[in-house]
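Values reported hereafter were calculated over all heavy atoms of this structure, with side chains retained and with hydrogens, waters and symmetry mates removed.
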Amino acid sequence: MIDASSRRNLEITETMREKSRKGSLLWVLDKTVTAMGGRMLRRWLEQPLMDVHAIRERQDAVQELIDSIILKAEVVERLRRVYDIERLTGRIVYGNANCRDLVALKYSIIQIPDIKESTLRCNSRMISVLAREMDLLDDIHALIVAAIDDDPPISVREGGIIKSGYHEEI
């Protein structure tokens with residue numbers, strides 16, 4: 001356990017002087033391309049692993065991505081096209097999503113099969129396990145494609161959200 005004073009002095013997520021992210025360890029290490037990746041890195045720094053085996057497994061995964069320039073480029077290129085799925089699903093679950101959020105989710109889901117295919121080729125145990133367990137979300141993608149118009153209005157009140165012929169009553 002690291003006490004609050006030590007965390008502050010180590011400047012893990014923000015500097016002591018300006019209370020700014022710039023200059024912190026997180027700022028130096030964060031080369032993530034998605035908001036989800038940035039949040040995960042922050043969690044990893046705030047709650048570091050304690051198990052040596054788990055630490056080495058994570059290091060092996062990172063090392064493989066560093067060493068395999070082509071694999072890393074493939075994954076990064078796909079991730080650049082992924083919207084913030086965590087935030088989108090949160091908005092959907094709490095009923096705050098608009099139609100554009102659903103379309104953004106659809107375009108993000110389209111990237112999953114290629115990300116899975118790329119990561120299945122990894123030798124790292126951690127990455128290959130995650131790749132095998134990756135859900136392609138085909139059912140959700142199919143539902144959005146079938147139900148939601150490709151160019152919906154922002155506001156639900158405007159109508160024109162549901163594709164014509166999707167459901168007779170709707």
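Remark: R39 engages D84 in a salt bridge, criterion side-chain N to carboxylate O under 4.0 Å.
Side chain of S118 to backbone of L71: no donor-acceptor contact under 3.5 angstrom is found. Side-chain atoms of K163 do not come within 3.5 Å of backbone N or O of D150 as any donor-acceptor pair.
Within the model, atoms CE of M16 and CG of N9 stand 4.5 Å from one another, a figure rounded to the nearest 0.5 Å. In this structure, CG on D101 lies 11.0 Å from CD1 on I148, to the nearest 0.5 angstrom. How far OG1 of T15 is from CZ of R21: 11.5 Å, rounded to the nearest 0.5 Å. With rounding to the nearest 0.5 angstrom, the CZ atom of R7 is 12.0 Å from the CD atom of E14. For the atom pair CG of L136 and CD1 of I109, the computed distance is 10.0 Å after rounding to the nearest 0.5 Å. From D149, atom CG reaches atom OH of Y166 across 14.0 Å, with rounding to the nearest 0.5 Å.
Side-chain contact between K106 and L102 is absent, with no heavy-atom pair separated by less than 4.5 Å. For the pair R8/K19, a side-chain contact is recorded, criterion being any heavy-atom separation below 4.5 Å from C-beta on. Side-chain contact check for R125 versus D60: every heavy-atom pair is 4.5 Å or farther apart.
When all heavy atoms of A131 and T119 are compared, the closest pair comes out as CB-OG1, 3.2 Å.
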Note to self: I'd like to know whether R121 forms a salt bridge (Lys or Arg N to Asp or Glu O under 4.0 Å) with E74, so could you lay out the CA-CA distance, the side-chain angles of the two residues, the decisive distance to 0.1 Å, and finally the verdict.
What the structure shows: CA-CA 12 Å; R121 298 190 314 255; E74 285 176 15; 2.7 Å; yes
